[in-house]
Amino acid sequence: MQVNDSKNFEPVIAAFCCNWCSYAGADLSGTNRLSYPTNVKIIRVPCSCRVNPMFILRAFQRGADGVIICGCHPGDCHYTSGNYFTRRRITLLYSMLDFLGIERNRTRLEWVSAAEGAKFASVMEQFTEDVRKLGPNRRLEDLRCRKK
Amino acid sequence: MNRIGVFVCHCGTNIASTVDVKAVAEALSHERGVVISQDYQYMCSESGQNLVKNAIKEHNLTGVVICSCSPRMHENTFRKACSEAGLNPYLVEIANIREQCSWIHKDITTATEKAVILGRTAIAKVTLNTPLTSMESPVVKRALVIGGGIAGIQSALDIAEAGFEVDIVEKEPTIGGKMAQIDKTFPTLDCAACILTPKMVEASQNENINIYSFSEVSDVKGFVGNFTVKIKRKARYVDETKCTGCGLCTEKCPMKKVPNEFNAGLDNRTAIYIPFAQAVPKIATIDPNYCMMLKNGKCGVCSKVCTAGAVDYKQKDEFIEKKYGAIVVATGYNPISPEKFDEYAYSQCPDVVTSLELERLMNAAGPNGGTLLRPSDKKHPEKIVFIQCVGSRCDDDRGKPYCSKICCMYTAKHAMLIREKYPDTEVYVFYIDVRTPGKNFDEFYRRAVEQYNVHYIKGMVGKVTPKANGKIEVQGSDMLADEQLRIDADLVVLAMAIEPDKSARPLATMLTTQMDTNDFFTEAHPKLRPVESATAGIFLSGVCQGPKDIPETVAQASAAAAKAIGLLCKNSITCNPCVAHSDELMCNGCSACEKVCPYGAITYENKEFRMPDRTVAVRRVASVNPAVCQGCGACTVACPSGAMDLNGFSNSQIMAEVDAICK
């Protein structure tokens, strides 16, 4: 089990990946055997615009230390305009997270195409490192949900 | 009560070497709702699938979780297996423990831990899955081809050959496109008109093909198998049904000073015109910008001479609406304008011409009847300089970053034709690289150099200066000999870059297809799906997808036709059932979802609701057309009341996944 003391801190990271670009990019990094930390667990969504900011808050509440949303590059959305919605929503969410005092680096939006397996791996590597540096998420975590 | 079966795949050693599959199966067997948890060597094999099928029957499962490779790989395999065993195919979830676990991690302990969490996440989701049924949507057995160049003609002929109706929409008065303007084709040097015009006639005579010339697509609605397209039939002021194409009106028209587009503006035509002798359909068209009757109301000569009484000055643009099952885009290209390239003095000197203009100058049906003469003084040019890559492979914004692909070959063709016909003419070609991949292409280029003594000079031209004596001084560098050259030429030919037709971008917006930064249509997959667009039911043909020569265009046109035929052969297509739906009781009719929907799938209707106090209230609520919805989920997030949800990726399912990951 992951130990949440500051020495052996292993962050819990939820990654929302759109089915058409980023999930395929994640598959590609697997096919190319490009390693990234086990902390990252992927949730498949049809489009990055399916990610309700509520899901992100829920993840933080349930004890996630970082949340990353990956979508197609702007202009390449399978659904024409979905990732533009995502971009706006996440920008708004940032200001809310700022208000709540959640470090901005805990949430990230990245564009990863189906051809960018290497980028996917390096983004995940980098993001995990960033979150590790920030330490455990304590501000929004609901202690009732914490695993004993 | 959920009864879930978990099946963990070894994938040979692909998964089993870094994930302890037995431990995963064991750990997942303790999850709530799991009644059976097994591992097997190859889940996707016949016997692996039978394992799943038998378990479904034996344990009466309500959900299946397969811990295996990516769902992009085998989701459909397992869905099919489950539906064969009587379980709704959408009650299957895949935990991706190969691409996203075993292949990227090396440590067995952490990889196994992660695999268990991924399995748990899938179980959490499958618990909330609901059975979904795919809708069937009928296919209209008619195709639309947008663009009547060689690409469009070929696609239309192939589709018509298979027995389906095809409509060609061409914005010019005649089909034929750019190929009709070309003189000879490389590398065989056969005459373009001799191979194109029979195809044009074939298209016009085929009973399955209907040509809408001088028309444009003005609106596209609908989806694969069922597009509704609005076509604008521009007023040509001539009744198509009456005009016989005799051409008497074009002889008598007093307005004779209209630049002739077909001859690249090198000569003039009349205001009422037939683009060229072999035009299909051979019907006159009045150019309203020049016709004196339409401009000033004085003249009317054409209507007087027309024995068929076809001229109709009062004709208006007409709109027709038709349904199509498949759409082939073949909008083609145009050479870019040379005006931006001041150094080549195109706008100052009539003897600096583009390759397309040279094509007309040399064409037997062109302004000089096939004799190559300078446009300025109608003298025979003795020194001709070709300049390659004008605007192609260009790093500033005057040109295009890509290689236009066809210029090297057509310049070799021009050079060869000129040397063949006029052996006393000297021909120089300034090039960056000569690119001749293609069957018999390099042999062709070498023939131009070795047999026809065309002077190929590796280097760029810095400046072109027209001189008082009628010569044109071309200053360039020879990079191989490392020297500066000055050539007094009589004719300079610019190989202009090609760009997608201007109509392509607004069309892409109407079709909701993707385009790259150069306005070429993007194919669904650059290698494996080269003729389909990412939008189902839209196929790409010819240069609208990227620069290509005639053989490649024809090959792609036939490929696009084959794909379209494949679609039209079906009586109905299965729609993705993972679409949005709205809870009418929660919807407050705010229109937020309608505004974000990229497909226009959401409409509003007034519905009667029975209130608790037994009164009936009429409320405006959203309703989703499941055949149009593509399931992106944008509306589900926009909905402030949480009424909108997405089948297969519902709010509660994703929340459950989040919870399982964060636990």
Side-chain angles (χ1 to χ4, degrees), chain A residues 1-2 10 12-16 18-20 23-24 26-47 49-56 58-65 67 75-82 85-86 89 114-115 121 124 141 145 147, chain B residues 69-73 94 96 98-107 109-111 113-115 117-118 121 125 509 512-517 522 525-526 534-535 576 578 596-599 630-639 642 646 648-649 651 653-655 657-663:
Chain A
M1 265 302 89
Q2 288 167 355
E10 282 298 336
V12 175
I13 291 171
F16 291 96
C18 89
N19 183 35
W20 306 96
Y23 196 88
D27 279 355
L28 184 65
S29 75
T31 316
N32 293 340
R33 313 295 198 275
L34 301 166
S35 174
Y36 54 86
T38 46
N39 309 57
V40 178
K41 316 283 190 303
I42 295 171
I43 297 174
R44 184 162 72 128
V45 285
C47 176
C49 72
R50 178 65 188 94
V51 180
N52 196 322
M54 284 293 292
F55 301 159
I56 299 166
R58 170 86 161 210
F60 283 129
Q61 187 193 20
R62 293 290 163 137
D65 301 296
V67 178
D76 286 349
C77 177
H78 180 78
Y79 303 103
T80 327
S81 51
F85 294 134
T86 315
R89 285 169 189 158
M124 291 306 155
E141 190 191 1
C145 301
K147 187 144 188 169
Chain B
C69 53
S70 171
R72 293 171 61 88
M73 186 80 101
I94 312 276
N96 186 346
R98 192 178 78 173
E99 278 87 347
Q100 293 176 8
C101 190
S102 74
W103 275 358
I104 46 167
H105 306 311
K106 292 190 181 67
D107 179 48
T109 331
T110 52
E113 239 170 62
K114 180 172 171 179
I117 294 176
L118 292 179
T121 310
K125 187 179 179 193
T509 315
T512 65
T513 47
Q514 294 165 351
M515 276 194 143
D516 64 17
T517 47
T522 311
H525 189 283
T535 307
N576 174 20
C578 295
V596 297
C597 181
Y599 303 100
Q630 300 285 310
C632 67
C635 53
T636 58
V637 184
C639 181
L646 188 65
F649 293 94
N651 287 328
Q653 282 175 308
I654 298 178
M655 293 278 205
E657 285 182 276
V658 169
D659 292 357
I661 282 179
C662 299
K663 206 147 69 176

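The sequence lines fix the lettering, A, B, ..., with proteins before strands; numbering per chain opens at 1. Computation of the quantities below employed the complete heavy-atom set of this structure, encompassing side-chain atoms and omitting hydrogens, waters and symmetry-equivalent molecules.
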Part of Val51(A) lying under 4.5 Å from any heavy atom of chain B: backbone
Asn19(A) side chain reached by Arg72(B) side chain, heavy atoms, under 4.5 Å: yes
Chain B contact via Phe85(A) - side chain, backbone, both or neither, heavy atoms under 4.5 Å: side chain
Test item: Thr38(A) and Glu113(B) side chains (from C-beta on) under 4.5 Å apart, heavy atoms: no
Tyr23(A) versus chain B, the contacting section by heavy-atom distance below 4.5 Å: both
Heavy-atom pair of closest approach, residues Ala26(A) and Gln100(B): CB-NE2, 3.6 Å
Closest approach of Ala64(A) to Cys662(B) (non-hydrogen atoms, all atoms of both residues): CB-SG, 3.5 Å
For Pro46(A) against Leu646(B), the heavy-atom pair lying closest together: CG-CD2, 3.6 Å
Heavy-atom closest pair, residues Cys632(B) and Cys49(A): O-SG, 3.7 Å
Residue of the set Ile43(A), Ile42(A), Val40(A) for which side-chain contact (heavy atoms from CB on, under 4.5 Å) holds with Ile661(B): Ile43(A)
Region of Asp107(B) in contact with chain A, defined by heavy-atom distances below 4.5 Å: neither
Largest heavy-atom contact set with chain A, pairs under 4.5 Å, which of Thr636(B), Thr522(B), Leu118(B): Thr636(B)
Heavy-atom pair with the smallest gap, counting every atom of Tyr36(A) and His105(B): O-CE1, 2.9 Å
Separation of Arg33(A) CZ from Glu99(B) CD (nearest 0.5 Å): 8.5 Å
Separation of Lys41(A) NZ from Asn96(B) CG (nearest 0.5 Å): 13.5 Å
Close side-chain approach of Val637(B) and Pro53(A), heavy atoms under 4.5 Å: yes
Asp27(A) side chain reached by Met73(B) side chain, heavy atoms, under 4.5 Å: no
Under 4.5 Å from a heavy atom of chain B, the part of Arg44(A) involved: both
For chain A, the option from Pro71(B), Cys635(B), Gly648(B) that forms the most heavy-atom pairs under 4.5 Å: Pro71(B)
Pairwise distance CG(Asn651(B)) to CE(Met54(A)) - rounded to 0.5 angstrom: 9.0 Å
Side chain, backbone, both or neither of Ala121(A) within contact of chain B (heavy atoms, under 4.5 Å): neither
By ring pair (Phe, Tyr, Trp, His ring centres under 6.0 Å) - contacts of Tyr599(B) (at least two apart): none
Nearest atoms (heavy-atom pairs only) where Arg89(A) meets Ala638(B): NH2-N, 3.8 Å
Top contributor to chain A contacts, counting heavy-atom pairs under 4.5 Å, from Thr121(B), Val596(B), Asp516(B), Thr109(B): Val596(B)
Rounded distance (nearest 0.5 Å) linking atom CG of Asn32(A) with atom CD1 of Ile104(B): 12.0 Å
Among the listed options Arg98(B), Met655(B), Glu657(B), the residue most often paired with chain A at heavy-atom distances under 4.5 Å: Met655(B)
Interchain contact, Cys77(A) with chain B, by part (heavy-atom threshold 4.5 Å): backbone
Donor-acceptor pair, side chain of Arg58(A) and main chain of Val658(B), under 3.5 angstrom: no
